[in-house]
Amino acid sequence: MRAKPPETFGLDRLATPIGVALLVTDSDGVLRALDWEEFEPRMKDLLRLQYGAVALQGGRSPKELRTALSGYFKGDLDRLNAIKWRVAGTPFQQKVWKALPKVPAGTTLSYGALAAKLKMPKAVRAVGHANGSNPISVVLPCHRLIGANGSLVKYGGGLERKRWLLKHEGVDVDA
């Protein structure tokens with residue numbers, strides 16, 4: 001049996017106030033991954049887990065995507081809603097990831113509260129694990145999930161980025 005050829009995605013870089021974002025798009029220009037430059041190996045691992053063999057080719061991502069992300073970082077928080085994205089992953093992961101954009105900018109939700117909204121109140125740890133495997137940082141706003149006690153807890157891009165994103169969105173974050 002022949003091995004399936006690798007999935008080919010485009011890889012672009014976008015300077016933001018909190019570092020260089022890596023933008024991975026498919027041939028339709030749909031966002032498949034967004035991570036930070038220093039976490040490129042992790043991003044490639046997540047892509048491999050979700051799609052199997054992946055080839056990344058340098059190139060410009062669609063202007064609409066770059067404009068929407070730049071607009072978000074300049075303060076137009078609703079611009080994230082205009083971004084077309086597609087994710088692979090388990091049905092549970094997809095359920096969590098599709099719930100993330102429903103947490104409005106300027107608000108936070110605990111992992112437990114999201115598990116309850118998904119009608120799986122005992123799945124707090126599983127929600128946390130799925131959140132940590134989110135392939136599209138910022139656009140699928142995993143930074144809006146916090147600990148039950150209000151602490152920032154983990155963030156794949158680092159707690160300083162999480163703090164910046166939440167402050168940028170108007171959340172009152174402890175120093």
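The shown structure was predicted, so the numbers you read here are calculated from the model rather than taken from an experiment. Worth knowing before you read on, the calculation uses all heavy atoms, side chains too, and leaves out hydrogens, waters and symmetry mates. Residues: numbered from 1 along the sequence shown.
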Requested in this report: Apply side chain to side chain contact (heavy atoms under 4.5 Å, CB included) to Leu109 and Arg144, showing your working.
Outcome: CA-CA 6 Å; Leu109 198 63; Arg144 295 179 190 155; over 6 Å; no
Query raised in the report: Going by atom types only, do Glu169 and His143 share a side-chain donor-acceptor pair under 3.5 Å?
Result: yes
Query raised in the report: Does the side chain of Ser137 come under 3.5 Å of the side chain of Tyr155 through a donor N or O and an acceptor N or O?
Result: yes
Query raised in the report: Would you say Lys162's side chain and Leu145's backbone share a donor-acceptor pair under 3.5 angstrom?
Result: yes
Requested in this report: Output yes when a side-chain donor or acceptor of Arg42 lies under 3.5 Å from a complementary backbone atom of Gly156, and no otherwise.
Outcome: yes
First locate atom [atom1] of [X], then atom [atom2] of [Y], and finally report the distance between them rounded to the nearest 0.5 Å.
| X | Y | atom1 | atom2 | value |
| --- | --- | --- | --- | --- |
| Phe92 | His129 | CZ | NE2 | 10.0 Å |
| Lys95 | Lys119 | NZ | NZ | 9.0 Å |
| Gln57 | Ser27 | CD | OG | 10.5 Å |

Any side-chain heavy-atom pair from [X] and [Y] closer than 4.5 angstrom?
| X | Y | value |
| --- | --- | --- |
| Thr25 | Pro62 | yes |
| Thr67 | Arg79 | yes |
| Leu80 | Pro101 | no |
| Tyr51 | Pro135 | no |
| Trp85 | Lys98 | yes |
| Val96 | Leu114 | yes |
| Val171 | Thr107 | no |
| Gln93 | Val87 | no |

Query raised in the report: Between Leu56 and Met43, is a side chain to side chain contact (heavy atoms under 4.5 Å, CB included) present by the stated rule, with each step listed?
Result: CA-CA 11 Å; Leu56 296 176; Met43 180 191 75; 4.2 Å; yes
Which heavy atom of [X] sits nearest a heavy atom of [Y], and at what distance?
| X | Y | answer |
| --- | --- | --- |
| Leu100 | Pro141 | O-CG, 3.4 Å |
| Ala115 | Ala123 | CB-C, 4.1 Å |
| Arg66 | Asp12 | NH1-OD2, 2.6 Å |
| Asp26 | Asp28 | OD1-N, 2.9 Å |
| Gln50 | Ser133 | NE2-O, 3.8 Å |
| Ile136 | Arg86 | CD1-O, 4.0 Å |

Report task. Tell me, yes or no, whether the heavy-atom count around Asn149 atom CG, taken from other residues, nucleotides or ligands under 6.0 Å, exceeds 12. Result -> yes
Under 4.5 Å between side-chain heavy atoms, counting indirect links through other Ile/Leu/Val/Met/Phe/Trp/Tyr residues: same cluster for [X] and [Y] or not?
| X | Y | value |
| --- | --- | --- |
| Leu11 | Val20 | no |
| Ile18 | Leu22 | no |
| Trp97 | Ile146 | yes |
| Phe9 | Val30 | no |
| Leu69 | Val24 | no |

**Report entry** side-chain contact (heavy atoms from CB on, under 4.5 Å) against Pro17, all qualifying residues, sequence neighbours excluded
**Finding:** Phe73, Trp164
Requested in this report: In sequence, state the C-alpha distance, the side-chain angles, and the governing distance for Arg13 and Glu40, and then conclude on salt bridge (charged side-chain N to carboxylate O under 4.0 Å, His left out).
Outcome: CA-CA 11 Å; Arg13 297 172 193 282; Glu40 187 168 351; 3.5 Å; yes
Query raised in the report: Between Val139 and Tyr72, does a side chain to side chain contact (heavy atoms under 4.5 Å, CB included) hold up when you go through it step by step?
Result: CA-CA 10 Å; Val139 176; Tyr72 167 81; over 6 Å; no
Query raised in the report: Trp36 ring centre to Arg161 NZ or CZ under 6.0 Å, with the angle to the axis within 45°?
Result: yes
Requested in this report: Can you sort out the partners of Tyr111 under ring-ring contact (aromatic ring centres under 6.0 Å, His included), two or more places apart, ordered by chain and number?
Outcome: none
Query raised in the report: Does the pair Ser70 and Leu14 meet the rule for a side chain to side chain contact (heavy atoms under 4.5 Å, CB included), with working shown?
Result: CA-CA 8 Å; Ser70 295; Leu14 179 71; 3.9 Å; yes
**Report entry** Non-neighbouring partners of Arg48 that pass salt bridge (Lys or Arg N to Asp or Glu O under 4.0 Å), sequence neighbours left out
**Finding:** Asp45
